[in-house]
K.L.:
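Starting off with a structure, shown below.
Because the structure is a prediction, the values reported are computed rather than measured.
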Amino acid sequence: MVTIKDLAKEVGVSVATVSRALTGSGYASPDVRHRVLEAAERLDYKPNEVARALNTSRSNVVGVLVPDITNPYFPKVIRGIEDEAIRNDHRVIIGNTDHDVDKESKYLEIFRQNNCAGIISATWSVGRTAYSDSRPLILLDRVAEDFPSIEADNLKGGRLQAMHLIEQGADKVLVIKGHEEYSSFNDRSVGTIETLETHGIEYETLKYMHLERLFVDGNSDLLTKFNGIICPNDVTAYKVLNGLRALDIAVPDAVKVIGYDNLDFSAYVHPSLTTIGQPIYELGRNAFRMLMDLAAGKPAPSQVLDVALVRRQST
């Protein structure tokens, strides 16, 4: 591996001069800077990130916390973060917490040990109880007091879900509520329920962790009460479609189903899933940009990105 000493020997200057030329800190003549950069490219020099972090108390690594990497929403978010990070000469460490506060704390310690430039968190406790680090923090798809955040317009998304089912003729609706610790799911439920109540639509709610009960023990009679089901995300909607199929309940003739996220698979399931599209990749990309602004001492106001109804066969 080519080191900074190798570059200094190749160009015929001191290590300190090479360091100044590479980092742009301190003086190096234009000619020396050109020769150092040319040699670095020719010799395929890669900076030692550990040494850089020790010298600057800040690396070019960003920590990212997600609650469940198996949910296809999060790889798309991470791709947005990672692509933007690479464009800005940064790298990403991913921590999958499984909704476990202890795992979150351990990953935060790993980020601290690696002198991460900052943290992007899509978990529920960071920003509320577990975060005491001084490095910049951006909350993604979560909102907590005192921290900048980026999310889609979940309140609008919930309203769009309800209005679409109402327009399609649903008048007895089951609202499946997502994880109550997450502001995004709460806002979707609020938007949905407010709209249903405003239009005088009969509805019931069900927590997502009780979803399986609908499809066992002869509960098909319960399901036949509803002609519309609103799901907190596409993964839940996919499970609902499978459960309804197993009970021979026709979608959309007997019951209409709508999801949220517009994940790639939603266009290919049968029937294809009507859903709320949110800019998942852009959420990740913009979160990284916000983090870099914070790290540079610039303002990074919270962002809310728009959502839209995606009509397909399930409604």
Side-chain angles (χ1 to χ4, degrees), residues 1-66 77-96 104-121 126-127 130-140 147-148 150 281-282 284-301:
M1 178 181 294
V2 177
T3 68
I4 195 169
K5 290 182 179 179
D6 296 325
L7 285 183
K9 183 177 180 181
E10 178 74 14
V11 178
V13 297
S14 68
V15 170
T17 299
V18 171
S19 178
R20 290 196 298 271
L22 289 173
T23 62
S25 60
Y27 177 76
S29 70
D31 176 64
V32 168
R33 190 184 305 277
H34 173 76
R35 288 191 290 127
V36 168
L37 294 177
E38 185 278 330
E41 182 175 2
R42 175 163 43 83
L43 298 177
D44 195 26
Y45 168 73
K46 298 291 190 303
N48 185 324
E49 301 303 342
V50 174
R52 177 190 290 183
L54 290 173
N55 289 331
T56 65
S57 296
R58 174 183 164 188
S59 71
N60 68 344
V61 176
V62 168
V64 178
L65 289 174
V66 296
V77 166
I78 292 169
R79 184 58 185 265
I81 296 171
E82 185 178 48
D83 285 354
E84 193 65 19
I86 290 173
R87 279 192 286 267
N88 289 273
D89 193 30
H90 279 64
R91 297 296 180 266
V92 173
I93 298 177
I94 300 167
N96 178 54
E104 286 183 10
S105 298
K106 289 175 182 177
Y107 276 119
L108 288 172
E109 177 60 20
I110 290 172
F111 297 161
R112 187 193 66 78
Q113 291 172 358
N114 283 271
N115 290 319
C116 285
I119 297 169
I120 299 171
S121 176
V126 172
Y131 193 77
S132 58
D133 203 312
S134 62
R135 69 194 69 238
L137 169 69
I138 298 293
L139 298 179
L140 194 157
F147 291 96
I150 181 168
Y281 180 90
E282 288 76 11
R285 181 191 64 191
N286 289 9
F288 179 85
R289 293 174 178 175
M290 291 171 65
L291 186 68
M292 290 299 96
D293 284 344
L294 274 187
K298 301 176 182 178

K.L.:
Are Ile94 and Ile78 packed together at the side-chain level, in the sense that at least one heavy-atom pair is separated by less than 4.5 angstrom?
P.N.:
yes
K.L.:
Partners of Glu109 by side-chain contact (heavy atoms from CB on, under 4.5 Å), sequence neighbours excluded?
P.N.:
Arg112, Gln113
K.L.:
For Ile119, is there any backbone N or O sitting under 3.5 Å from a side-chain donor or acceptor partner on Arg135?
P.N.:
no
K.L.:
Using only atom types and a distance under 3.5 Å, with no angle test, would you say the side chain of Asp83 pairs donor to acceptor with the backbone of Gly80?
P.N.:
no
K.L.:
Looking at Tyr45 and Ile4, what are the two nearest heavy atoms and their distance?
P.N.:
CE1-N, 3.7 Å
K.L.:
What are the two closest non-hydrogen atoms of Gly63 and Cys116, and how far apart are they?
P.N.:
N-SG, 3.9 Å
K.L.:
Set out, in order, the CA-CA distance, both residues' side-chain angles and the distance that settles side-chain contact (heavy atoms from CB on, under 4.5 Å) for Thr17 and Val36, then state yes or no.
P.N.:
CA-CA 9 Å; Thr17 299; Val36 168; 5.7 Å; no
K.L.:
Hey, what do you get for CG (Asn96) to CD (Glu104), rounding to the nearest 0.5 Å?
P.N.:
10.5 Å
K.L.:
Would a 4.5 Å heavy-atom cut-off, applied to side chains only, mark Val64 and Val77 as touching?
P.N.:
no
K.L.:
Do Glu84 and Met292 have side-chain heavy atoms sitting under 4.5 Å apart?
P.N.:
no
K.L.:
If I compare all heavy atoms of Ala117 with all of Pro136, which pair ends up nearest, and what's the gap?
P.N.:
O-CD, 3.4 Å
K.L.:
Thinking salt bridges, do Arg289 and Asp293 make one under a 4.0 Å N-O criterion?
P.N.:
no
K.L.:
Output all residues satisfying salt bridge (charged side-chain N to carboxylate O under 4.0 Å, His left out) with Arg35, sequence neighbours left out; order by chain, then residue number.
P.N.:
Asp31
K.L.:
Calculate, to the nearest 0.5 Å, the distance between atoms CG and CG belonging to Asn60 and Asn114 respectively.
P.N.:
11.0 Å
K.L.:
Rounded at 0.5 Å granularity, tell me how far CD1 in Ile138 sits from CG in Leu294.
P.N.:
4.5 Å
K.L.:
Quick check: closest heavy atoms across Gly118 and Leu291, and the distance to 0.1 Å?
P.N.:
C-CD2, 3.7 Å
K.L.:
So which atom in Ile150 and which in Ala287 form the shortest heavy-atom distance, rounded to 0.1 Å?
P.N.:
CG2-CB, 3.8 Å
K.L.:
Taking all atoms of both residues into account, what is the closest heavy-atom pair of Pro148 and Ala300, and its distance?
P.N.:
CB-O, 3.3 Å
K.L.:
Measure the CD-CZ distance between Glu82 and Arg87 for me, rounded to the nearest 0.5 Å.
P.N.:
11.0 Å
K.L.:
May I ask you to test the Ile81-Leu140 pair for a side-chain heavy-atom distance under 4.5 Å?
P.N.:
yes
K.L.:
Could you measure the distance from the CD1 atom of Ile120 to the CG atom of Leu65? Nearest 0.5 Å is fine.
P.N.:
10.0 Å
K.L.:
Does some side-chain heavy atom of Val92 sit less than 4.5 Å from a side-chain heavy atom of Phe288?
P.N.:
no
